[in-house]
Participant: 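Got a structure for you, questions after.
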Amino acid sequence: MELLKRLTEAPGIPGREDKIREIVKKEMDGICDDVRSDAMGNLIGLKKGSGNGKIMVAGHMDEIGFMVKHIDDKGFLRLQPVGGFDARTLMGRRVIVHGKEDLIGNLSSATKPIHILTEEEKKKELQIKDFFIDLGLPSEKVKEIVEIGDPVTLRQEFVQIGDSYSNKAMDDRAGVLVMLEAVKKTKKHPADVYMVATVQEEVGLRGAVTSAFGLEPDLGIALDVTLAADFPGGEEPEYVTKLGQGVAIKIMDSSAISNHQLVKSLKEIARKKDIPYQMEILPRGGTDAGAIQASKAGVPVATLSIPCRYVHTVNEMIHHDDLEASINLLASFLSETNPGDFVPTNR
Ligand SMILES: [Zn+2]
């Protein structure tokens, strides 16, 4: 899991994916016939098949984080979110401010210490705009190193917890890992496979919009994490998926309804190959599949999801078996799929 550690520990807020892109590029260079990036910063790796159509596989490189919005006279930073952290999970966290050099900071909310809070003040709901970063430096020094717009990421380390792995940015570096490992495993495949490590997914699937438009794939598979809300506090019908129960084949979310034939085919392959899987309906949220599907005249798409607990916190947690199942299902799918089979009125 050394690669997953490197992928999740790298910074990369939307629009500033350079460091993570470097890591992914090195991996793609070892697998692909051609690797390039486009104007948006998407990284596109082609692994040639036997010339039978084009499959686009997408996993997003960006992670939720912040930009520096304001530096005050005392040197405290205020934040603009890029992507949706749950403010309740941010108290007392550490961050890295990526200025001229990387600075570690304490994230706190603009509120009095708990010892002197009134009962009324304790009830107030936390909002991102209440948070600030303390860099432990005077304002002049901060302003020498940090500028408005500099990226801020959460500081967290990769750990194995039981049979699971936990870190920030499992969303969606786990998806990027599945893409790389599955294509590595696929020796022969009918279609040309375009691996796309997309940018700016967390702010509206923006990298997938342009990369799908440019590639004109015959079929698209997005890889992303999904909710595994199977922990105390939820009811079973709202779990979406269960951790450790296999790769999730998405039926729908609010960005796309997966192509029905494609869903059927993924299920059949999983059964045939004894790959543990579960079906997923996500009431709210989307993946790059939403952008690929609506590209040009339309593309049949589906999403393979990796169940993840505590999504959009720094403790995102995925299960070893789900990761393995996701890699195996994607690899088997690529090795036997002709994209033409899913387009009744083929172009
Ligand atoms: Zn995601």
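First listed ligand is number 1; within each ligand, the first listed atom is number 1. When a residue number appears, it is its place in the shown sequence, counting from 1.
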Participant: Only distances under 3.5 Å count here; give the side-chain donor-acceptor pairs of residues 246-255 to other protein atoms, sequence neighbours excluded, each with its distance to 0.1 Å.
Facilitator:
unit_1: Lys250; atom_1: NZ; unit_2: Asp253; atom_2: OD2; d: 3.1
unit_1: Lys250; atom_1: NZ; unit_2: Glu280; atom_2: OE2; d: 2.8
unit_1: Asp253; atom_1: OD1; unit_2: Ser255; atom_2: N; d: 2.7
unit_1: Asp253; atom_1: OD1; unit_2: Ser255; atom_2: OG; d: 2.9
unit_1: Asp253; atom_1: OD1; unit_2: Ala256; atom_2: N; d: 3.0
unit_1: Ser254; atom_1: OG; unit_2: Gly285; atom_2: N; d: 2.9
unit_1: Ser254; atom_1: OG; unit_2: Gly285; atom_2: O; d: 2.9
unit_1: Ser255; atom_1: OG; unit_2: Thr287; atom_2: N; d: 3.2

Participant: Check this for me: does any side-chain nitrogen of one of Glu236 and Lys242 sit under 4.0 Å from a carboxylate oxygen of the other?
Facilitator: yes
Participant: For the Zn ion (ligand 1), report each protein N, O or S atom nearer than 2.8 Å, sorted by chain and then by residue number.
Facilitator: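 Under 2.8 Å from the Zn ion (ligand 1) - ignoring waters, which are not counted - the protein N, O or S atoms are His60 NE2, Asp171 OD1, Asp224 OD1, Asp224 OD2.
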Participant: Sequence neighbours excluded, which residues qualify as salt bridge (Lys or Arg N to Asp or Glu O under 4.0 Å) partners of Arg271?
Facilitator: none
Participant: Looking at the rings of Phe131 and Phe66, which for Trp means the six-membered one, are their centres under 6.0 Å apart?
Facilitator: no
Participant: Of Asp34, Val35, Val24, which meets side-chain contact (heavy atoms from CB on, under 4.5 Å) against Asp29?
Facilitator: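 When Asp34, Val35, Val24 are each tested with Asp29, the side-chain contact (heavy atoms from CB on, under 4.5 Å) holds only for Val35.
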Participant: Does Val82 sit in a hydrophobic cluster with other residues, and if so which ones, taking ILVMFWY side chains as linked at heavy-atom separations under 4.5 Å, directly or through other members?
Facilitator: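 Hydrophobic cluster check, Val82: joined to Ile13, Met67, Val203.
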